[in-house]
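Everything on this sheet refers to the single structure shown next.
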Amino acid sequence: MKSEDVELDNPYCFTPALEEGFFSDVVIKSKSGREFKLHSILLNLAVPGHNWRLSPLNGMPDNILSTVFHYLYKECLPPGLSEDTARDCIKTLSDIKEFDTFIKLCQTFLRNTALRHQIVSLIDDMHACANRIIDLFKCKKPHSKGMMPEDALVANPQKLCYVIKQAAREGAVACSKLVLLCDLFARRSGELPQEERHDIIRYAHSRLPIFIKQVQEFFEVFEYQLMLMGPDQKQEIASYILPEIEESMTLLTTFVEEFQTALDVAITTNISEKEKVEKKEKQKKEHVKDILSKTLKHALHVRELKKLRNMHEAATVKLEMFLKKMHVFSKKTEAEKIPLIVYLLDALKNNEAPLFVDRMQHLALVLEEKYKWKEWKYMFKLSSSKIAWGVHKLRSYRSTLDKSIKQMADLVNKGDFKATVAFLGLLDTKGDTSTSDLDTKYARLSSVESLCIPPPSRRSVLAQRALELFKKQQNTDMVFEIILVRDMGDIVIDHTHGGDPIERQEDDHDMEIHQIPAHCVVLAARCNWFSRALLSGMRESIDKKITIHDTNPEIFSMFLEFLYCGHIQLNSLSTDQLTELLTLADRYEVADLGRVCEHGLLQHVDTDTALCLLSIADQFQSTTLKDKVLNFLRNHPDLKNGEVFVQLPPHLRAEIEDVIQEDEMETASSSSVDDVEEMVGRMQVSSRRYSSSSSSSSSSYVEYGELATDQNRLADCIAGLRGVIGDDVPEEDLIQFALAADYDVSRAINFYFQSS
């Protein structure tokens, strides 16, 4: 299907029949006694095979029935559907097989709605992690100044080590939630409407000051704990945490080394795979588009490789610095290590902690002033996309990095962290190392709004089944009577009598009647004109028969097919057929068909049809078609010399002549340089003659007449120039242009514009 056809494809539904209940033959009552007037024909299109006379839907709650019938008539969910109603529909109708498609749509709705809730939940989880870290370091204020609080961490080194480990784990969980949030937004935000995306970004922006406040509060309570630390506590803490520090450094070193090795393997694998692909591509015969595609892929590959190498170099530098410091630290004796730790604790107490508190206060002010909505939206999208790229690369090299990721998960040792990493597709909690189905965790989601819009007619199951119903002519309750009248001829020669043949006049006509069965409810729901005719109480509504003249059955059948299915195949239709369909669309007020026919006629504009299509476009006020035809006539001015042009209305003939004249003027204004040079030469000659003949009186124009062979031609040329250029140009200049152009108006206009 062409893109143009998609644009002309409109949503398909039977909304008027559901809302107005005309021609209803089925009534279903809800639990509250509300009656829903329905139509067995339309219901069977949506759910074939269901017994609507004895339907189990009777007695169900109003909200469930309203949602179900909205779906049956429109193939979509109602706007404003609540999650509770969707769950009730799934629970109530899950045992009825005919409604499996409806249940799947409700499940998709719940998943899509859950996306925003999931992002909000991730942000709330990050706040909860921050609160837990703050609570871990908080302690009660002492009753009197100078006393050590009972729950002070510095008084209990064992508890302090435990709190630091738990805080580190909570921080890892919060970071994993942030990564998941960015990955979810970057992957699925394109499937949400703009307003929903902005709602998520606004919510994140509103939580930013709260998060900064939490970080600031953490440093304040941490600073308070450090302020309680005296010389004795420092010595005791340093002695206790020394083995913990050495063990942590060993684990961290092992992890970083293995991660660096895995990164080396990933880069090597990336290069080798690229070389294999390039080797295969060299054996193929390449076209231009293949070369361009190959160049683009190579550029992207080089860019990706640079990023990986930069990561590798940064990790190498950091690792070397860390190993150097660790080597220096490990060579020291225990007696030397403890004073060093005490020194670090002093620096943390007196310098680092207060500095962090000040930085958080400053950061809060900067973010409030600098990052307004527009800047925050850009930063949020950019950060999310970069983090999502990193996760995608980790997922791509999961088999190589699997051991390192498992070690990281074991170090954190938190269920939430493992679950989040597993949801990102970086960790297999079930022991399955395959990566082929990792992307199924991110099944494509449609926006919630798209589930509440009827599908286009070409993708509508209702439309397909309605067309089949029309072609099979099943359960019809009305008929169209197409009357064709053909003349038998004005003269009849009778050979039945003896002698010479007898001529006699014949007034009778040959009449053909074609009948096309149809369905009242379908036509009334799809066409306002038929709705009025069949519900007006007049003859058509009583007899259930509509008589049609001045059209043929084939065209009218196409017209009805469009009403039943909402689309039509334009490629197989001729100009005459499209014109007749356009006439029917205008007569019966089917605007969608009118647009389709107008689009189809655009492809039929040629020398044989242009003038006729211009008349049709003018009759039906089709501006697009009219502009296309006029533009065609601009390039084919000879068409105005035919008989069809003479038969056009005066205003159309005038429009065509204006367009052609405008084109001639544009052509004249772009004439060759030789004409300009000729104009300059002639103007110089005429200027010399003019200056030698008279220099003092404007009444000496008669002398210009002597330069022309025909004064009348000069006057006509000047009048034509005035009509185009206006009255601002002096008459002397107009005479010079006319003489230079040999009294040809078009050339004179060209000379004027070239010289100005």
Side-chain angles (χ1 to χ4, degrees), residues 1-2 5-6 8-18 22-26 38-53 55 68-76 96-102 104-105 453-482 514-527 530-531 534 544-546 548 551-573 577 581 584-585 588 590 592-593 596-597 600:
M1 185 171 57
K2 297 181 180 180
D5 295 337
V6 175
L8 296 169
D9 203 1
N10 297 291
Y12 186 92
C13 63
F14 295 108
T15 303
L18 177 63
F22 45 66
F23 303 116
S24 170
D25 59 348
V26 175
L38 308 172
H39 314 81
S40 58
I41 290 177
L42 302 183
L43 293 174
N44 287 324
L45 292 178
V47 185
H50 186 78
N51 186 356
W52 293 101
R53 305 292 178 182
S55 176
V68 171
F69 297 144
H70 188 282
Y71 167 77
L72 295 178
Y73 279 73
K74 302 183 182 183
E75 284 188 275
C76 67
I96 306 177
K97 293 183 179 180
E98 294 93 329
F99 292 94
D100 286 347
T101 306
F102 169 71
K104 290 179 181 178
L105 191 63
I453 300 174
S457 58
R458 294 181 186 274
R459 293 195 292 107
S460 171
V461 177
L462 279 179
Q464 297 173 7
R465 291 173 179 172
L467 182 60
E468 293 175 3
L469 179 70
F470 173 72
K471 290 181 176 180
K472 293 178 180 179
Q473 298 183 357
Q474 296 176 342
N475 303 319
T476 58
D477 54 2
M478 68 162 295
V479 66
F480 286 97
E481 196 171 79
I482 316 297
H514 297 263
Q515 290 189 339
I516 303 178
H519 306 82
C520 290
V521 63
V522 175
L523 296 174
R526 299 284 298 155
C527 175
F530 289 133
S531 176
L534 295 171
K544 294 295 185 292
K545 181 174 72 173
I546 297 178
I548 308 295
T551 190
N552 67 70
E554 180 184 1
I555 296 298
F556 196 78
S557 181
M558 292 181 186
F559 171 72
L560 292 180
E561 285 184 8
F562 180 87
L563 292 182
Y564 271 76
C565 70
H567 60 270
I568 195 169
Q569 295 294 335
L570 296 176
N571 297 333
S572 60
L573 300 180
Q577 289 175 322
L581 283 172
L584 292 174
Y588 296 110
V590 185
D592 294 344
L593 178 59
V596 172
C597 294

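When a residue number appears, it is its place in the shown sequence, counting from 1.
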Is T476 reaching over with its side chain to a backbone N or O of P517, donor-acceptor style, under 3.5 angstrom?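 Here the side-chain-to-backbone pair does not exist.
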Please answer whether the main-chain N or O of S460 pairs with a side-chain N or O of E75 as donor and acceptor at a distance below 3.5 Å. no
Checking E481 now: which residues fulfil salt bridge (Lys or Arg N to Asp or Glu O under 4.0 Å) with it, not counting sequence neighbours?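 Listed in chain order: K545.
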Quick one: salt bridge (Lys or Arg N to Asp or Glu O under 4.0 Å) partners of K471, sequence neighbours excluded?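 Checked K471 against salt bridge (Lys or Arg N to Asp or Glu O under 4.0 Å); zero matches.
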Supply the atom-to-atom distance [X] [atom1] to [Y] [atom2], rounded to the nearest 0.5 angstrom.
| X | Y | atom1 | atom2 | value |
| --- | --- | --- | --- | --- |
| L563 | L584 | CG | CG | 10.0 Å |
| I516 | E554 | CD1 | CD | 10.5 Å |
| F102 | C76 | CZ | SG | 11.0 Å |
| H567 | L467 | NE2 | CG | 7.0 Å |

Considering all heavy atoms of both residues, which atom of [X] and which atom of [Y] are nearest to each other, and what is their separation?
| X | Y | answer |
| --- | --- | --- |
| P16 | A525 | CG-O, 3.5 Å |
| R458 | Q464 | O-NE2, 3.9 Å |
| F480 | A518 | CE1-CB, 3.9 Å |
| A17 | V521 | CB-CG2, 4.0 Å |
| S457 | G566 | OG-O, 3.2 Å |
| C565 | A463 | O-CB, 3.3 Å |

What's the verdict on side chain to side chain contact (heavy atoms under 4.5 Å, CB included) for H519 and D477, showing C-alpha distance, side-chain angles and the deciding distance? CA-CA 5 Å; H519 306 82; D477 54 2; 4.2 Å; yes
Check: [Y] and [X] side chains under 4.5 Å, non-hydrogen atoms:
| X | Y | value |
| --- | --- | --- |
| Y12 | R526 | yes |
| I482 | N552 | no |
| E561 | I568 | no |
| C527 | V590 | yes |
| L560 | L523 | yes |
| S557 | F470 | yes |
| M478 | I546 | yes |

Evaluation steps, side chain to side chain contact (heavy atoms under 4.5 Å, CB included), between V522 and F530: CA-CA 10 Å; V522 175; F530 289 133; over 6 Å; no
For F559 together with Y588, are the ring centres under 6.0 Å from each other? yes
Side-chain donor-acceptor pairs under 3.5 Å in residues 38-51, sequence neighbours left out?
| residue | atom | partner | partner atom | Å |
| --- | --- | --- | --- | --- |
| H39 | ND1 | Y73 | OH | 2.7 |
| H39 | NE2 | F22 | O | 2.5 |
| S40 | OG | D25 | OD2 | 2.6 |
| N44 | ND2 | S40 | O | 2.9 |
| H50 | NE2 | S55 | OG | 3.0 |
| N51 | OD1 | R53 | N | 3.2 |

F99 and W52 aromatic ring geometry - parallel, tilted or perpendicular at 30°/60° bounds: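 Aromatic pair W52/F99 classed perpendicular.
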